[in-house]
Amino acid sequence: MPDFTDHLKPRYNGAATLQAERNGSAICVDELSQHLLSRDCFLERQEKIVEVLSQEKLFNKSQQLGLSRVDRYHLGLARAKAIQRIARRQGWDHDDCMMAEYLNDEMSPYHLHMTMFVTTIREQASQQQKQHWMPRILNYDIIGCYAQGELSHGSNVRGLETVAKWDPVNNEFEIHSPYLTASKWWNGSLGRTATHAIVVAQLLVPKQQHGKPSDSLEAGYENHGPQTFIVPIREQRTHQPLQGIVVGDIGPKYGYASMDNGYMLFDHFRVPKSALLTRYAEVSDETGALVRRGHPAVVYGSLTFVRGQIIMHARLVLARAVTVAVRYCAVRRQFRYRDSTAASGACTELQVLDYPTGRIRILPLLATTFALHYTGEYMDDLYSRSREAIESGDFGPLAELHSASSGLKSLSTTLVADGIETCRRAMRGHGFGGGSGLVGLNAEYLSKPTVEGDNWMITQQVVAYLIKKMTAVVQSPTASPQDPTDELFQSFLKRRLHRKPQSVFDPHGHLDDQAIVDVFKWRTADLSYRAYQARLVEKNLWTRLMIQLHNLSRAYSEQILVTNFHTALHSTAGSLSSPTPDVLRTCFRLFALYTLSNSSSSFLLTDSVLRSTLTMLDDSILELMTELRPHAVKLVDSWAIPDFLLNSALGRYHGKVYEELFNMAHRKNPLNKVTFNPDWRSEEIVLGSGDQGRHILAKL
Amino acid sequence: MAPTPDWVKQLKPSGSQGSELLVAERAKSDIPVQKLHELLLTKEVIERKQRILAILKSEKVFDKSQNYFSGRMERFERALAREKKLQLLKRKHKWTLDEFRTASELVGEPGPYGLHESMFRITIAGQGTPEQQEKFGKAAEAYKIIGCYAQTELGHGSNVRGLETTATWNSQDKTFTIHSPHLTASKWWIGSLGRTANYACVMAQLIVEGKSYGPHPFIVQIRDMKTHEPLENVHVGDIGPKFGYNTMDNGFLLFNNVKVPHENMLARFSQVDPKTNKYVRHGSPSLIYGTLTWVRSTIVMQAGSVLARGVTIATRYCAIRRQFQDRDAPEWEKGENAVLNYTMVQIRLLPLLAATFALHFTGKGMMNLYQENQKRMNQTNTSRESNKRGAGPEETESGSDILADLHATSCGLKALSSTIAAEGLEVCRRACGGHGYSSFSGIGPWYSDYLPTTTWEGDNYMLTQQVARYLLKSARAVLKNPTPTNDTTRILSHFQSRVNIGCAFDILGSDEDIVAAFAWRASFLTFEALKHRDEQKKPWNDLLVDFYRLSKAHSQYLVIKNFYDVLRSGEIAQSTSPPLRTILLKLFQLFALHTLEQEGSEFYVSGACSKHQIMLARTSAVMNLLKEIRPHAVRLVDSWGFDDWVLDSSLGREDGKVYEDMFYRASELNPLNKVTVDPYPESEVLFKKVEGGYGKSKL
Ligand SMILES: Cc1cc2nc3c(=O)[nH]c(=O)nc-3n(C[C@H](O)[C@H](O)[C@H](O)COP(=O)(O)OP(=O)(O)OC[C@H]3O[C@@H](n4cnc5c(N)ncnc54)[C@H](O)[C@@H]3O)c2cc1C
Ligand SMILES: Cc1cc2nc3c(=O)[nH]c(=O)nc-3n(C[C@H](O)[C@H](O)[C@H](O)COP(=O)(O)OP(=O)(O)OC[C@H]3O[C@@H](n4cnc5c(N)ncnc54)[C@H](O)[C@@H]3O)c2cc1C
């Protein structure tokens, strides 16, 4: 309906502001985009799929934030199905479908089917099993999920309570949930969607005559620890749970509204022998004992790969939040400049991005997107290079990467989860609104610090590795180094007693990039040495050291980000056209100094830096931000996040912030179609409905 | 969904039951929970809460079981129904204002009458003439009109002077024309405006004979009293779903040359004389000192209990949650370890537990200080002070008296405490691992509704500028005249007298020295900032980050100092036993040393601590405190006394039945489980069976 608001314009023209910003920087956006995102044809693919999805009404995102849980799942399922149908029509491959899910930007009820379910079959099933299952999976004749986590156990897989008892007489396994807490829990796609599940359960095999005594859960059985089974859970036609299974959705969550994370309990549920995935372990027909073969190196390899992907994904998520914040804060104006004199005629208000308190929240995060990028790439490269070796069970160069990946997963998902919140809050009021596009993003992404290894818990993996490394170097300080960590630790031990704290500035007060990298390395080595001392020499209890160790993991991971970023400046990024390499160098410095400043105590206590470095840090950071500021809009443009994905009135490419916000509130908001009765004396809620509030009570 | 089969009903959680575990936790400590509860809230408040809670629980409309499942529309409808019921109950039980507030607080969601009850009525009372109070105030009190407070616009929030809505005086017919010249002039974010209010208090630029006099308040009718439809040339609606606050109809509002009579401009402090058409000012409307200080002390105190809710949930859950065996556990020791025993979990939760008390007692300390000095001031000087105290902090003589000091510094404290609470809640949520992500944890939704507190009444980043400005003034005053007149000048002047000699604080041995070290660091940063501004003549805006740090440092000092003072006060001495005092003191030390160690480099650079001290605080003192406080954790959160109905959390239940409740809510309360889907992509059918039916898709 037309009304007088149709002709109103914003006081300041957002589009012109962004245009001016873009004119103010000489960065070649296309070139930088290619540099960042050409891997696996990402950019072309993104363009192709956005084109298709943005034409389908079903993928219009304007209403989803206000929907109830049931409606969100309904919508989510509709979209998941539609993507598959479109894929068939358009001949999309797996990567195309994953791109569609990424752009659709909500957890698809098919997500686990396309990821963990199929990966597990591929990696852990025998040839024969694969031949049976793979065609059915790829054709979506069955729909799967991955049921490992339980109500009482997530991190600790060895503690799972679901059991699978081998019954040699009937050649079957009996899957059973002895406790309420054995209930599978959180498993995506299980609640309503899946027909099959990968179930991880403790395998119990009847004890051998000559067997050793064991700590089995049940007398007469030996516990072989968690094993993987493929189990049908719902009837093909009616989609009702099979007899002996209780399964459902676990209810609303912080995010993931479109996904049916589920629970599941078994009552002596029987499955055939072929249900156990047997690439690495099988119950022998002759002896009835469990036979293991080979080391499941692929599983670790793919875990490393998955974590690498998490970082690649993390950089894009952060880039998205920063894109919104940078564009909006460039358009948003608030207050005239405080120190400006009337004569200078500053009649327009200052862009919020020009307040240092605005910058300090957003620009270091912009720099972080690049830091994550170069490390993600490094891991990806290393992984693809050593893929064959891994398939054959040789860890080779991957040993370090595998350990590092847990620390990096922890650091990067924490940085990004917190970064989204920082961006959202930097926009204040409008950041709180649905129009920011960060409400949903925050809700979805906050799962990441917990899933695929809780961010606090898994840092223990990397420090255990570092302590082991340090021990080896202490014992034989001159052995030839296997990797950069060995080199670092050896040089640390040599210089430990006579090195002085260092400055990151040269005598003229300019930043010295190599010195920056060095202090990050020194801190890592020093903390590793202290950890080694505390644990192995002073024999402190592990749990007392945990916090210290967590800090070590963080330091180590930060050092990796800084080092890889620094290296990239000279290799791949160095050949970009001017001024991009210089701008990236500024990003590198900003990221490093900002990180240093946030953990300054830790640098200080390890004697990595001089006191004077700390006092010069703030000014240096301000200067770097001033250098970076003119390029901010073009740098976020280079991340090429399509408006369709941003789904943000504040962050749109064209900068028409206020027009969009108003459009969303005024024209697309269902609440405005209802007139309420606001008088408390009347129990009627919707005006004219005559319903004395009854339908509200009926739902309670 | 089929009814839950018997074999499921008979299942129990494995191992020790949650209820037993909490009993064991409570047996480990001898903290007198009820005593501490009374110390925190007072007997009177506890009694009031219980009484009102009983009433609320008996009304079906307050049933929370569907809150977490519903969409925006349903939540809003229900919130409106609840607001109406509260009004009914208020009259039925003749509730006082305090009782009514308690009821709203217990319901725990922002409601559509919220801004009517608060800002709309307060503004009329504070800025209306007696006649206007009679006319609009009375009608508002009786709910004949329902209002809201419309200041913020699409284009302007913090910068109130930049508002774009205009109110132009028409001398011929003695009216004002309210108008929105740009799209960005649209009022935005206004609570209760979207669907509920029929009146608004609109802040608009007053224009008289072509001259602008800045923003002024106008009472404007916006909807028809019968049909509740917007009046002609008024365009109003709800702004859509948000991060939180979804039970509130925050709204937008545009005017197309709407006329209101002369009497609708609130005229207690300024008006347009209808005869001369001249603008006349009778005084300044800025809020009276005391009110603001009082409001801020409340926010500080409230931050303590807001955070306590998250800490209660996380602490109880982590005491029950078991995961892994301790690495150093001896062979024979079976069973998994409660995650609360891992220092990695303790370091996240226990300092926050300490913070709940720190913030609470700081707020309380501020209130005491305020009251005492108010009394003293009234005794010595009844007439002069109170009325004239209109000016903001910038215009006061720095160091003139203790109340001025309290006023100026309290805004930094408000910023610090709401940030600690908001961020702390997220830490609590994450500490719960996967289950923290479930709505049934009760933390996520609570966090999203609390977050705006960091935004309104002055953005936390901007408030810090006010504090810095005040501290710089105080420092300049101290340089001129070192005789202290209040706490700020006292610490600055002490620092100034010792700066060349240096200091030696025994932060690990003496609590008083901890306080002194915080004072030293704040003073150091103040004089550093002063150097930047006055000697090096740096532009104001270049110093915003320094100011932010400075304000934070000073506010941290205030929390430490207030917490410490309260613990040493007579009240605590009388009402607590020595063991309880000891544990409170440990909480103080944990909060203080943990903060100090986090900000270590500032303490070092300022010379307040040596590297070695910071290192010891980190690796030894804090670790020991965690260990000492750990056994008391559950009882300490118990003493906050949250009712399960208020927490609405499976993880935080007082009886520890975490898993039973998770399962119950998922399987029995969850409407999604009434749906059977067709999962195969080639079929367009989505829901093939829905128990009880399902409305059409809402796309
Ligand atoms: C959105 C979402 C989707 C999921 N999808 C799936 C799925 O599809 N399939 C599936 O099987 N599972 C799934 N999960 C479960 C997920 O894998 C677990 O939640 C995750 O592993 C964390 O485990 P937890 O919840 O048991 O946390 P806990 O281990 O119980 O952690 C609780 C707290 O204790 C701490 N802690 C635990 N152990 C230690 C230790 N040894 N030392 C120090 N601190 C410790 C943690 O840091 C944390 O603060 C999902 C979870 C979520 C949130
Ligand atoms: C849930 C909710 C309910 C609300 N209810 C009401 C209501 O009922 N009535 C009403 O009138 N308003 C209401 N508001 C609006 C609220 O008062 C404003 O959001 C608040 O004043 C902040 O203004 P802004 O959002 O325009 O932020 P902006 O002023 O645009 O600030 C954006 C960013 O710029 C920075 N910035 C701005 N100026 C400066 C400066 N000078 N120096 C340094 N940094 C600066 C800020 O720190 C911030 O990061 C509500 C808001 C919310 C979220």
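Just so it is clear, the model here is predicted, and its values are computed rather than measured. Lettering follows sequence order; numbering is per chain, from 1.
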Does the pair B:Phe76 and A:Phe676 meet the rule for a ring-ring contact (aromatic ring centres under 6.0 Å, His included), with working shown?
CA-CA 10 Å; B:Phe76 176 72; A:Phe676 291 90; 4.8 Å; yes
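Ring pair B:Tyr143/A:Trp680 is perpendicular by interplanar angle, where above 60° counts as perpendicular and below 30° as parallel. Under the 30°/60° scheme for interplanar angles, the aromatic rings of B:His235 and A:Phe4 are found to stand perpendicular. The aromatic rings of B:Phe663 and A:Trp185 are tilted relative to each other, their planes meeting at an angle between 30° and 60°. Relative orientation of the B:Phe243 and A:Phe432 rings is tilted, given thresholds of 30° and 60° on the angle between their planes.
Note on B:Arg430 versus A:Asp418: salt bridge recorded, some NZ/NE/NH1/NH2 to OD/OE distance being below 4.0 Å. A salt bridge does not link B:Glu336 to A:Arg158: none of the charged nitrogens lies less than 4.0 Å from a carboxylate oxygen. Using a 4.0 Å cut-off between charged nitrogen and carboxylate oxygen, A:Asp679 and B:Lys84 do not count as a salt-bridge pair.
In this structure, A:Arg69 fails the cation-pi test against B:Tyr68, since its NZ or CZ atom is not both closer than 6.0 Å to the six-membered ring centre and inside 45 degrees of the ring normal.
For A:Leu605, the parts lying under 4.5 angstrom from a heavy atom of chain B are both the backbone and the side chain. Contacts between A:Asn669 and chain B at a heavy-atom distance below 4.5 Å involve the side chain alone, from C-beta outward. Within the 4.5 angstrom heavy-atom criterion, no atom of B:Thr152 approaches chain A. Using a 4.5 Å cut-off between heavy atoms, A:His7 makes no contact with chain B at all. For A:Trp542, the parts sitting under 4.5 Å from any heavy atom of chain B are the backbone and the side chain alike. Within the 4.5 angstrom heavy-atom criterion, only side-chain atoms of B:Tyr113, from C-beta onward, approach chain A. Contacts between A:Val674 and chain B at a heavy-atom distance below 4.5 Å involve backbone atoms as well as side-chain atoms. Of the two parts of A:Leu614, only the side chain, counted from C-beta on, holds a non-hydrogen atom closer than 4.5 Å to a non-hydrogen atom of chain B. For a residue to count as touching a neighbouring chain, one of its non-hydrogen atoms must lie under 4.5 Å from one of that chain's; by this rule B:Lys64 does not touch chain A. Contact of A:Thr238 with chain B is made through the backbone alone, with heavy-atom distances under 4.5 Å. Residue contact with chain A, scored on non-hydrogen atoms closer than 4.5 Å, involves the side chain of B:Ile146 exclusively. Proximity to chain B is limited to the side chain of A:Thr450, based on heavy atoms less than 4.5 angstrom apart. Heavy atoms closer than 4.5 Å to chain A are found in both the backbone and the side chain of B:Glu684. Only the side chain of A:Ser183 comes within contact range of chain B, with at least one heavy atom under 4.5 Å from a heavy atom of that chain. Using a 4.5 Å cut-off between heavy atoms, B:Lys12 contacts chain A through its backbone alone, with no side-chain atom that close.
Residue B:Met662 holds its CE atom at 11.0 Å from OG of A:Ser152, rounded to the nearest 0.5 Å.
Minimum heavy-atom separation, B:Leu80 to A:Asn677: CD2-O, 3.9 Å.
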